[in-house]
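Below: the structure, in structure tokens.
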2 protein chains.
Amino acid sequence: MCPSREVLEHVTSRWGALTLAALSSEPARFGELRRCVDGISEKMLSQTLKGLEADGLVDRRVQSTLPPHVDYALTPAGEKVAAAVQALIVSLYDVMPDVMAVREGA
Amino acid sequence: MCPSREVLEHVTSRWGALTLAALSSEPARFGELRRCVDGISEKMLSQTLKGLEADGLVDRRVQSTLPPHVDYALTPAGEKVAAAVQALIVSLYDVMPDVMAVREGA
DNA sequence: CCGTATCCTTACAGATACTG
DNA sequence: CAGTATCTGTAAGGATACGG
């Protein structure tokens, strides 16, 4: 199975898309993301970020200060993918009226 | 949590995106989809199609002939979402060289 | 041909507690 | 603040066999 399938599964994993979307406006810190991505646990955020980082979509910058300060930002590749994810989310908002109508009607 | 989150999870579920992509070129039959979406089981295809149908993204047309003939097609709403999914996949292909490079380098 | 029903295994994901 | 470790339940997903 082609390697892009793996990346697709990372990006479209339960939290992958939301995390990319959260980073697309601006870099953010761990705690910010945790509050921003509604419902995500520390564990899953950490895991999701690691996956995206391993794929080269997210860049992790550590400042070894006290207390530690870590920023997560999109790489150029990440920006392209995140833009597509955003477009997908927008298209979803676009069709939500239809979706709701079908759900009721059924 | 907003209702669009549910639809997002359907669309970005393991097989959701691939199924939408497979339908975006033209309507297809169950068996065709099964062969087209590499690795999917009958159970998951059935389940995925049901979810997308319940969201009003996919239309199911049955001809009660013998043997039975069933076509799955995108609804107008489904077309919009599928287009966005396609764009996402294209963006992924676009960045795959970078991804591969990062994976090796690491 | 188009699915549904059943069984079974894994791995996803939440809660909690703890470390640098 | 920014995570990691462990423990545990749930449910997603695969294989197979059968029904309309």
Side-chain angles (χ1 to χ4, degrees), chain A residues 1-2 5-23 26-55 57-74 106, chain B residues 1-2 5-23 26-55 57-74 106:
Chain A
M1 234 164 274
C2 53
R5 276 279 292 268
E6 285 179 40
V7 182
L8 177 64
E9 306 217 341
H10 291 168
V11 171
T12 65
S13 67
R14 179 159 184 202
W15 300 109
L18 291 168
T19 303
L20 281 175
L23 282 171
E26 55 185 353
R29 305 183 56 179
F30 190 88
E32 290 172 335
L33 287 172
R34 180 159 162 45
R35 283 182 291 277
C36 178
V37 181
D38 196 34
I40 197 171
S41 66
E42 294 187 345
K43 179 186 169 186
M44 293 318 298
L45 179 55
S46 173
Q47 206 171 100
T48 303
L49 286 169
K50 256 183 200 162
L52 296 174
E53 192 193 356
D55 287 342
L57 301 179
V58 164
D59 190 21
R60 183 175 184 269
R61 285 120 171 214
V62 188
Q63 298 171 37
S64 298
T65 54
L66 207 67
H69 185 107
V70 183
D71 276 303
Y72 293 91
L74 293 173
Chain B
M1 234 162 278
C2 51
R5 276 280 290 271
E6 286 179 40
V7 181
L8 178 65
E9 306 218 339
H10 291 169
V11 171
T12 66
S13 66
R14 180 159 184 203
W15 302 110
L18 291 169
T19 303
L20 282 176
L23 283 173
E26 54 185 354
R29 307 182 54 179
F30 190 88
E32 289 172 336
L33 288 172
R34 179 158 164 46
R35 281 182 294 276
C36 178
V37 181
D38 197 32
I40 198 171
S41 65
E42 296 187 344
K43 180 185 169 187
M44 292 319 297
L45 179 55
S46 172
Q47 204 171 102
T48 303
L49 286 169
K50 257 182 198 162
L52 295 174
E53 193 193 354
D55 287 342
L57 301 179
V58 164
D59 190 23
R60 183 173 185 270
R61 285 120 171 214
V62 189
Q63 299 171 36
S64 298
T65 53
L66 207 64
H69 185 109
V70 182
D71 276 304
Y72 291 91
L74 293 173

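In what follows, every chain begins at residue 1, and chains take the letters A, B, ... in the order their sequences are listed.
- Listed pair Arg35(A) / dA2(D) fails the phosphate criterion, with no side-chain N or O lying under 4.0 Å from OP1 or OP2.
- A pairwise comparison of heavy atoms in Arg61(B) and Ala73(B) identifies NH1-CB, 3.9 Å as the closest pair.
- Here Arg29(B) does not reach the OP1 or OP2 of dC1(C): none of its side-chain N or O atoms lies under 4.0 Å away.
- Nucleotide dA15(C) holds its P atom 15 Å from the CG atom of Leu45(A), rounded to whole Å.
- Straight-line distance from the NE2 atom of His10(B) to the C1' atom of dA11(D): 14 Å, rounded to whole Å.
- Across all their heavy atoms, Arg29(B) and Glu32(B) have their closest contact at N-OE1, 2.7 Å.
- Each of dC1(D), dG14(C), dG3(D) was ranked by its minimum atom distance to the side chain of Ser41(A); first place goes to dG14(C).
- When rounded to the nearest whole Å, the span between CG of Asp71(A) and P of dC1(D) equals 14 Å.
- Between Leu49(B) atom CG and dG3(C) atom C1' there is a gap of 11 Å when expressed in whole angstrom units.
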Got a list of protein N/O to nucleotides 4-10 of chain C N/O distances below 3.5 Å?
from   : atom 1 : to       : atom 2 : distance (Å)
dT4(C) : OP1    : Lys50(B) : NZ     : 2.9
dT4(C) : OP2    : Ser46(B) : OG     : 2.2
dT4(C) : O4     : Glu42(B) : OE1    : 3.3

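- The distance from atom SG of Cys2(A) to atom CG of Leu8(A), rounded to the nearest 0.5 Å, is 9.0 Å.
- Glu42(B) meets the salt bridge (Lys or Arg N to Asp or Glu O under 4.0 Å) test with Arg34(B); sequence neighbours excluded.
- Counting heavy atoms from C-beta on, the side chains of Phe30(B) and Leu33(B) never come closer than 4.5 Å.
- Using a 4.5 Å cut-off on side-chain heavy atoms (C-beta onward), Thr12(A) and Val11(B) make no contact.
- What separates CZ of Arg14(B) from C1' of dA11(C) is a distance of 11 Å, to the nearest Å.
- Side chains of Val58(B) and Leu23(B) form a contact here, defined as non-hydrogen atoms less than 4.5 Å apart.
- Near DNA chain C, meaning a heavy atom under 4.0 Å away, the residues from residues 58-70 of chain B are Arg60(B), Pro67(B), Pro68(B), Val70(B).
- In this structure, the nucleotide among dA2(D), dG14(D), dG14(C) sitting nearest to the side chain of Met44(A) is dG14(C).
- The shortest side-chain heavy-atom distance between Thr48(A) and Val37(A) does not fall under the 4.5 Å cut-off.
- Looking at Leu18(B) and Arg5(A), their side chains come closer than 4.5 Å, going by heavy atoms from C-beta outward.
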